[in-house]
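Structure, as structure tokens:
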Amino acid sequence: MASDPKMIPQSGLLSAEANQAAALAAYGGVLTVDLDAIIANWRKLEKTAVPAECSAVIKADAYGCGAEQVSRALNKAGCKTFFVATIEEARKVRAAVPEATIYVLGGYFQNTGEHYASSNCRPVIGDLNELAEWDVFCRRTGWSGGAAIHIDTGMNRLGLTLAEAQAIIPRINAGDHGITLVMSHLVSAEQLNSQVNAKQLAAFRGIASEFSGVPAALANSSGIFLGAHFQFDLVRPGAALYGVNPTPESDNPMQPVVDLKARIVQIRNVERGESVGYGGTWTARRPTKLAIIAVGYADGYFRAASSNDGTRGAEVIVAGKRCPVAGRVSMDLIAIDITDLPPNAARRGHMVTLIGEGITVDELAHHFGTIGYEVLTSLGRRYARIYKGGNVVEPLTKPAPAQAVEQQPPAPPPVEQPASPPPLPG
């Protein structure tokens, strides 16, 4: 990984600690991902869902945490099934976990069959046209890699309608269909008493039971905590793996995963009545000491965390104490009010904590006016990234694509797709 300081050439004249410090000095911020915490979260979810299989959703680069590193660690821990959003994501994950089952949530399009076959991954099909196109590819090439059927039970995004799903049941029950999973997605799983949950459960239970012998999956992270009725044969946790609270109506049962620190680039003093930052929206009410840190909204620290003369913004941890943001968050820099710290507690070059030491992803999301999912997936690529735990072997190298493909079944020959799909076979 380009932003991993361990991949930077090391000097043989320095100690390991000095080498790492020298490498980190090139970055304004350091993002540490605790792979052991991700594994612990997965095991907790797995235990909660027994006897259902616990998969892992690692789309969007494992919610910003690094799909290759996360999938490799989870696979070593026993996770056998992964969900991604795109074929390109599937390729990267396949190189990391050659033997795992990988589903691609983005669906199937004409002329993508060869890509699915070469990566040995499975499309999640949510439309009758997709199903017909996939049928054509499988019949013409003999590909039998499997696919999932997505049924819409209330989200109204992707998925076959209940009527469409009912119409293909005779074909599924006839055998030799290649469908390895039937799934749906909950709308309001984080709301324990939502009547929508019960309505979706009843709809999915009814239709899934008619897919004879096909495993079923409904629960996302929050859905796992709705109880055994929602867990079926497989559960699909995502954000909970990375420390986001899946039960916002109660305490977070998950371990924190990411720690984000930023470097102080300057200490400066401003007099009472002086403004700070773009627009002069924050005014010092006393002689004020500021720490300017080298992270901004280009790094995923949203401008919404700014403060002004009427509103307090987010906080960061400086020398073990919470200190408020002073003024607007800019693209590359944030001003922090450190007036209440002891003299010399914070100096140029010191690191401050943006996530960690009690500041959670969910707390930061509150200041950003969003959800923890967006906080994690927005973390920029300018940070040095450190992975700890998970039996990581450094340096983190990516297997050559050719080697990854060799471990999979041979890809079928390219085929020409028809201009329009044929009718579904009965």
Is the distance between the ring centroids of Tyr242 and Tyr373 under 6.0 Å?
no
Run the salt-bridge test on Asp135 and Arg171 with the 4.0 Å N-O cut-off and return the result as yes or no.
yes
Please lay out, stage by stage, how Tyr301 and Val316 fare under the test side chain to side chain contact (heavy atoms under 4.5 Å, CB included).
CA-CA 11 Å; Tyr301 199 91; Val316 306; 4.0 Å; yes
Does a donor on one side chain and an acceptor on the other come within less than 3.5 Å for Ser378 and Glu374?
no
Residue pairs involving residues 177-217 (criterion ring-ring contact (aromatic ring centres under 6.0 Å, His included); sequence neighbours excluded):
Phe204-Phe232
With ring centroids as reference points, do Phe302 and Tyr297 lie under 6.0 angstrom apart?
no
Is there a donor-acceptor contact under 3.5 Å linking the side chains of Tyr278 and Arg328?
no
Give, for atom CZ of Arg312 and atom OG of Ser306, the distance between the pair rounded to the nearest 0.5 Å.
14.0 Å
Gln200 versus Ser184, side-chain donor and acceptor atoms under 3.5 Å:
no
Please report the C-alpha distance between Thr247 and Asn245 in whole Å, then the side-chain angles of each, then the deciding distance to 0.1 Å, and finally whether the side-chain hydrogen bond (donor to acceptor under 3.5 Å, both in side chains) criterion is met.
CA-CA 5 Å; Thr247 58; Asn245 189 358; 3.0 Å; yes
Measure the CD1-CG distance between Ile334 and Asp299 for me, rounded to the nearest 0.5 Å.
8.0 Å
Side-chain donor-acceptor contact under 3.5 Å, Thr32 with Tyr387:
no
Any salt bridge between Glu88 and Arg91, counting N to O under 4.0 Å?
yes
Please report the interatomic distance OH(Tyr103) to OG1(Thr81), rounded to the nearest 0.5 Å.
6.5 Å
Is any side-chain heavy atom of Leu158 closer than 4.5 Å to a side-chain heavy atom of Asp152?
no
In terms of side-chain geometry, is the basic nitrogen of Arg322 or Glu363 positioned less than 4.0 Å from the acidic oxygen of its partner?
yes
